[in-house]
Amino acid sequence: MNDRDPRIDLTEKLFEAWSSGDADAPKPYLSPDCVLYDIVGGEHVGWDAIRGFFAQGLTIWTDLVLLPEQYWTSGKGVACNWVMSATVQDEMFGPKNKGKKWRSEGMSFLEFNDGVVTREVDYHDRGAVAESLAAQNES
């Protein structure tokens with residue numbers, strides 16, 4: 001018997017979509033009027049705004065991966081912690097960091113209705129990418 005909350009399966013599919021490199025991949029898992037609030041990137045309301053935000057990020061982080069690790073559920077939704085990583089494609093963090101992979105830990109809280117996400121709130125540290133790269137340069 002599988003007692004796993006189906007919202008966790010949906011969360012995993014959404015995070016696979018965020019990690020796919022395809023700006024349209026998350027669409028089936030989000031309501032048309034979904035709200036994405038990213039503590040660093042601000043609030044984006046509706047699929048078009050979310051897609052625009054995500055597509056812009058993919059131009060910078062072409063191999064972006066968001067890998068959930070643990071889940072917590074409540075009547076209101078699902079929380080998960082994750083590790084985000086990508087490779088620096090240019091010299092935005094200096095020439096010595098071009099080609100290096102960074103990692104950043106964070107958490108999300110997702111609310112659902114009728115089998116889709118209606119709200120996603122992402123918490124992570126704006127400075128974590130630079131800190132990850134600096135730690136690599138120290139070793």
Side-chain angles (χ1 to χ4, degrees):
M1 182 172 166
N2 184 358
D3 291 336
R4 183 173 157 127
D5 189 317
R7 297 173 302 171
I8 292 174
D9 293 330
L10 181 60
T11 300
E12 287 182 343
K13 289 177 183 171
L14 176 60
F15 275 72
E16 286 172 13
W18 290 134
S19 302
S20 71
D22 177 357
D24 293 309
K27 185 177 183 177
Y29 309 106
L30 304 174
S31 69
D33 59 346
C34 184
V35 175
L36 172 66
Y37 179 74
D38 182 285
I39 195 78
V40 173
E43 184 171 81
H44 309 277
V45 180
W47 169 246
D48 290 340
I50 293 168
R51 187 198 183 283
F53 171 67
F54 183 48
Q56 179 186 12
L58 288 176
T59 65
I60 300 167
W61 310 115
T62 58
D63 63 343
L64 178 73
V65 172
L66 285 149
L67 185 61
E69 294 184 329
Q70 296 181 74
Y71 303 94
W72 299 269
T73 61
S74 72
K76 191 165 182 173
V78 173
C80 67
N81 69 318
W82 41 258
V83 175
M84 176 171 50
S85 63
T87 304
V88 179
Q89 302 295 321
D90 56 25
E91 295 186 6
M92 72 185 332
F93 290 97
K96 67 183 174 184
N97 289 312
K98 185 176 180 180
K100 289 190 177 177
K101 188 167 224 143
W102 56 263
R103 69 183 304 277
S104 172
E105 297 179 9
M107 292 192 81
S108 294
F109 181 72
L110 295 91
E111 296 177 15
F112 302 82
N113 190 24
D114 293 329
V116 292
V117 174
T118 58
R119 181 171 175 78
E120 178 178 338
V121 181
D122 299 331
Y123 301 95
H124 55 108
D125 180 357
R126 178 184 303 272
V129 172
E131 288 175 16
S132 175
L133 294 167
Q136 291 179 52
N137 290 325
E138 291 174 4
S139 52

Counting only heavy atoms not in Lys13 (residues, nucleotides, ligands), do more than 12 fall under 6.0 Å from its NZ?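 Open.
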Verdict with reasoning, Asp63 to Lys101, per side-chain contact (heavy atoms from CB on, under 4.5 Å): CA-CA 10 Å; Asp63 63 343; Lys101 188 167 224 143; 3.7 Å; yes
Do Arg119 side-chain atoms and Phe109 backbone N/O form a donor-acceptor pair below 3.5 Å?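 Looks like no, no N/O pair under 3.5 Å.
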Distance-only, no hydrogens or angles: does the Gln89 side chain make a donor-acceptor pair with backbone N or O of Thr87 under 3.5 Å?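 Checked: pair present.
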side-chain contact (heavy atoms from CB on, under 4.5 Å) between Leu110 and Leu10, intermediate numbers included: CA-CA 10 Å; Leu110 295 91; Leu10 181 60; over 6 Å; no
At what distance, to the nearest 0.5 angstrom, does [atom1] of [X] lie from [atom2] of [Y]?
X      : Y      : atom1 : atom2 : answer
Phe15  : Glu69  : CZ    : CD    : 11.5 Å
Met92  : Asn97  : CE    : CG    : 11.0 Å
Ser132 : Arg103 : OG    : CZ    : 7.0 Å
Asp38  : Tyr123 : CG    : OH    : 10.5 Å
Leu133 : Lys98  : CG    : NZ    : 14.0 Å

Smallest separation among heavy atoms of [X] and [Y], with atom names:
X      : Y     : result
Arg7   : Lys76 : NH1-C, 4.1 Å
Cys80  : Tyr71 : CB-CD2, 3.6 Å
Val45  : Ala49 : O-CB, 3.4 Å
Gln70  : Asn81 : N-OD1, 2.9 Å
Val117 : Cys34 : O-SG, 3.5 Å
Arg126 : Val40 : NH2-O, 3.4 Å

Check for me, please, whether [X] and [Y] land in the same ILVMFWY cluster - side-chain distances under 4.5 Å, paths through other members count.
X      : Y     : answer
Tyr29  : Val65 : no
Ile60  : Leu64 : yes
Phe112 : Ile50 : yes
Leu30  : Leu58 : yes
Ile39  : Leu36 : no

Flag the pair Trp72 / Met107 as yes when at least one side-chain heavy-atom distance between them is below 4.5 Å, and no otherwise.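 Yes, at least one pair of side-chain atoms sits under 4.5 Å.
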For the residue pair Val35 and Glu111, establish whether any side-chain heavy-atom pair is separated by less than 4.5 Å.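 No, their side chains stay 4.5 Å or more apart.
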Kindly determine whether Trp61 and Val88 satisfy side-chain contact (heavy atoms from CB on, under 4.5 Å), including the steps that lead there. CA-CA 7 Å; Trp61 310 115; Val88 179; 4.2 Å; yes
Is the ring pair His44/Phe53 parallel, tilted or perpendicular, if the boundaries are 30 and 60 degrees?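 His44 vs Phe53 ring planes: parallel.
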Looking at Pro26, Ser20, Ser19, which one forms a side-chain contact (heavy atoms from CB on, under 4.5 Å) with Asp22?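 With Asp22 as partner, Pro26, Ser20, Ser19 yield a single side-chain contact (heavy atoms from CB on, under 4.5 Å), made by Ser20.
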Quick check on side-chain contact (heavy atoms from CB on, under 4.5 Å): which of Trp18, Tyr37, Trp82 does Ser108 satisfy it with?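 That would be Trp82.
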